[in-house]
K.L.:
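Dropping the structure in here first, questions after.
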2 protein chains.
Amino acid sequence: MVLTDRQVLILQVIVDDFIRTAQPVGSRSLSKKESISFSSATIRNEMADLEELGFIEKTHSSSGRIPSEKGYRYYVDHLLLPQKLNTSEIMTVKSIFAERIYELEKIVQKSARILSDMTNYTSIVLGPAVQDNKLKKLQIVPLTADTAIAIIVTDTGHVENRMFHFPSNVDPGDVEKMVNILNERLSGVPIVDLNSSIYKEVATLLRQHINNYDLLLNSIAQTLDIPSSEKVFFGGKTNMLNQPEFNDLAKIRSLMAMIEQEDGISQLIRKNPQGINVKIGRENNNTAMENCSLITATYSMGEEKLGTIAVLGPTRMEYSRVISLLKYISADLSKVLTDLYQNK
Amino acid sequence: MVLTDRQVLILQVIVDDFIRTAQPVGSRSLSKKESISFSSATIRNEMADLEELGFIEKTHSSSGRIPSEKGYRYYVDHLLLPQKLNTSEIMTVKSIFAERIYELEKIVQKSARILSDMTNYTSIVLGPAVQDNKLKKLQIVPLTADTAIAIIVTDTGHVENRMFHFPSNVDPGDVEKMVNILNERLSGVPIVDLNSSIYKEVATLLRQHINNYDLLLNSIAQTLDIPSSEKVFFGGKTNMLNQPEFNDLAKIRSLMAMIEQEDGISQLIRKNPQGINVKIGRENNNTAMENCSLITATYSMGEEKLGTIAVLGPTRMEYSRVISLLKYISADLSKVLTDLYQNK
DNA sequence: TTTAGCACTCGTGGTCACAGAGTGCTAACA
DNA sequence: TGTTAGCACTCTGTGACCACGAGTGCTAAA
């Protein structure tokens, strides 16, 4: 069950070659590689063993070999040499942060675009989970006689706004008073807890100061209760169309439908733990992803995990390069975000 | 050059049939239609004339005929009978406005989704041009020692926010004073004019009240000067993959690249005048759109044009149905928006 | 003017032969 | 005993060929 050095070498060269060319690799072409000094017949024997062990497979009975998912897995787990980014790549990554942008969302979005440009795969970035942010300021701007906008600013500078319906008989002065009280009491409370905190901590206070407080309070509390979904940013959604494994319409359709839907894929990404994660083909548990691999990396602010940055490519993707890139970008991202918002 | 009644009839049936089946239409199958009472030989003669006039064409020398772009143009201009929406369709459209949503963007977005669902084409909606909105309220929320968020609320309830860098030595009290003055003076000013108005109308006033007013003013004015791009919403980006004319990878690639890019297509849509517009194939002046038609409709609030709602389909699209739908939805949209925001 | 008939064209789908790339196996070799 | 050369075999892809069907254009008759 344990592979000999020579088998490992052959597996490595097969995977490398297939990643580069997308063509099944035959014994003859392998024997010509400079890192390989034995004959094609020997290689055929070794390949037969590797196939029996499940690391490689044939596309038809007399074809060259391609890596199986198990083969990729072994490659990723044991054979990956971290690839150094060259200077031009580093420059490109740095350019994400070159402009003086302060908005978290924009930075994150730009990361997605650059990542997909650099890899020619599809990149997906989960924005920070607003739920865990803390309230910085709540403001209410009346719009018409019976509508107003509630604006929530979080400590990371995220702004969320929602329009809501006003009870008809409220005094504008009361609204202002109420907003003041809410800000005083709820500043620093995580967004996700806002609703419950209102009732627990502020209700009694409000009752003392404001007429009809319950009506008004209800409509505001309701407004704040709408879950704010994590934002998902894509880069290079159509890059996969250029991959040779997707010259099949049916595959394209199911993959594009999956990407278009956004929900499914963000689920898939979200559930990955901290750090770098590689999911190969069916490891993703999703039929549309059968020929795809997903590599995810988390970014954070200080200790707190903020979001995930991911690359979706064919199983035949350049694992080494993508992982290096992801490590680099997520580290940079974390650093910039930490510097920006941590020192309050 | 002017078509006989019979030629018009034949053209109409050819277009209708081709739109339905995506198959070239032959003289024999035409002669079997109940609306047609003459023989296939007669039809062949008429078709030869129609081809000479440029209304229809062959895919190869012995194939049936398909409409040319000129043919579609004639069909759209002269032969289109407005199609009544059936009750279930009307219900579906109404459902856009069923929930009590007040946010303009959400309504617009939902329209796009429903439109693409109903047509199986791609829908594109240009959100309202924020530039023309008027300032309702400006607020500034300090975030860290040297950053703050400027929040702009417009009269339509649109909220725009931007983070910006603070000059280091400003007094928080001054900021507040300044915001008050700005709100007093700039309320009602179109967003696009904010920057110039600040210097023209408010600068002198500020000078009297605030230390270091110029530094602070500059950074705020700069922030407000960032153009806020019109938002573009898509529905059913991948619907085109299911159209039989796009079983060609090259076509799919160029089309998807075009859709993905968003900018080009929003340009294309933006330049259409008020009302319903149909652009067929190369009329769009864009190689990626060669086999596509674009139908646009504008929506408005009162008299003021707000945005555009569009459907992108193959040239072989159901013009009649899509036009009816667009008319209906854009009218409803205009009505709802007018009701919502006009009565301030 | 309309229509029936006929020869002709082109695309599609199937079969076939063949070259090329690759394999597995056997036997010889170090 | 591990390695290699050689050979028969397999599968794919391609191009040639053919038959079929749908459709056309043209001619001549109604």
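Please read all numbers here as calculations on a predicted model, not as lab measurements. Quick note on labels: first sequence line is chain A, next is B, and so on, each numbered from 1. No hydrogens, no waters, no symmetry mates; every other heavy atom, side chains included, goes into these values.
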K.L.:
Write out all pairs satisfying side chain to side chain donor-acceptor pair (under 3.5 Å) with one or both partners inside residues 284-294 of chain A, taking only residues at least two apart or from two chains.
P.N.:
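Sorted result for residues 284-294 of chain A: A:Ser293-A:Tyr319.
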K.L.:
Nearest whole Å is fine: how far is D:dG23 C1' from B:Leu50 CG?
P.N.:
17 Å
K.L.:
Counting only side-chain N and O atoms of A:Lys58, is one of them less than 4.0 Å from OP1 or OP2 of C:dG24?
P.N.:
yes
K.L.:
Mind checking side-chain contact (heavy atoms from CB on, under 4.5 Å) for B:Gln261 and listing every partner two or more places apart, or none if nothing turns up?
P.N.:
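Applying side-chain contact (heavy atoms from CB on, under 4.5 Å) to B:Gln261 gives B:Asp263.
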K.L.:
List for me each residue that meets ring pair (Phe, Tyr, Trp, His ring centres under 6.0 Å) alongside B:Tyr74, sequence neighbours excluded, and say none if there are none.
P.N.:
B:Phe55, B:His78
K.L.:
For residues 270-279 of chain B, which residue pairs qualify under side chain to side chain donor-acceptor pair (under 3.5 Å), counting only residues two or more places apart or in two chains?
P.N.:
B:Glu230-B:Arg270, B:Ser266-B:Arg270
K.L.:
Give, ordered by number, those residues of residues 8-20 of chain A having at least one heavy-atom distance below 4.0 Å to an atom of DNA chain C; if nothing qualifies, reply none.
P.N.:
none
K.L.:
Figure out the CD/P separation between B:Glu51 and D:dC26, and round it to whole Å.
P.N.:
11 Å
K.L.:
Is the backbone N or O of B:Ser116 less than 3.5 Å from a side-chain atom of B:Asn239, with the two atoms forming a donor-acceptor pair by type?
P.N.:
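A pair under 3.5 Å: yes.
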K.L.:
Indicate whether OP1 or OP2 belonging to C:dT23 is found under 4.0 Å from a side-chain N or O atom of A:Ser61.
P.N.:
no
K.L.:
List the residues meeting side-chain contact (heavy atoms from CB on, under 4.5 Å) with A:Glu57, not counting sequence neighbours, and say none if there are none.
P.N.:
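Once residues adjacent in sequence are excluded, the partners of A:Glu57 under the side-chain contact (heavy atoms from CB on, under 4.5 Å) criterion are A:Ile66, A:Ser68.
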K.L.:
For residues 3-21 of chain B, which residue pairs qualify under salt bridge (Lys or Arg N to Asp or Glu O under 4.0 Å), counting only residues two or more places apart or in two chains?
P.N.:
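Salt bridge (Lys or Arg N to Asp or Glu O under 4.0 Å) check on residues 3-21 of chain B returns B:Arg6-B:Glu46, B:Asp17-B:Arg20, B:Asp17-B:Lys33.
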K.L.:
Could you write nucleotides 12-22 of chain C as a row of B, S and -, 5' to 3', where a protein heavy atom under 4.0 Å of any base atom gives B, of only sugar-phosphate atoms gives S, and otherwise -?
P.N.:
---------BB
K.L.:
Nearest whole Å is fine: how far is C:dC10 P from B:His60 NE2?
P.N.:
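To the nearest whole Å, that distance equals 9 Å.
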K.L.:
Indicate yes or no for a side-chain donor-acceptor contact from A:Ser27 to the backbone of A:Arg44 under 3.5 Å, with no hydrogens or angles considered.
P.N.:
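No; zero donor-acceptor contacts below 3.5 Å.
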K.L.:
Give me the distances for all protein-to-nucleotides 1-3 of chain C N/O pairs that come in under 3.5 Å?
P.N.:
residue, atom, partner, partner atom, Å
C:dT2, OP1, B:Arg6, NH1, 3.0
C:dT2, OP2, B:Arg6, NH2, 3.1
C:dT3, OP2, B:Ser39, N, 3.1
C:dT3, OP2, B:Thr42, OG1, 2.6

K.L.:
The criterion is salt bridge (charged side-chain N to carboxylate O under 4.0 Å, His left out); which residues satisfy it with A:Arg282, sequence neighbours excluded?
P.N.:
A:Glu69
K.L.:
Residues in salt bridge (charged side-chain N to carboxylate O under 4.0 Å, His left out) with B:Arg316, at least two apart?
P.N.:
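B:Glu245.
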K.L.:
Taking ring pair (Phe, Tyr, Trp, His ring centres under 6.0 Å) as the test, write out the residues that go with A:Phe18, two or more places apart.
P.N.:
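Ring pair (Phe, Tyr, Trp, His ring centres under 6.0 Å) list for A:Phe18, sorted by chain: empty.
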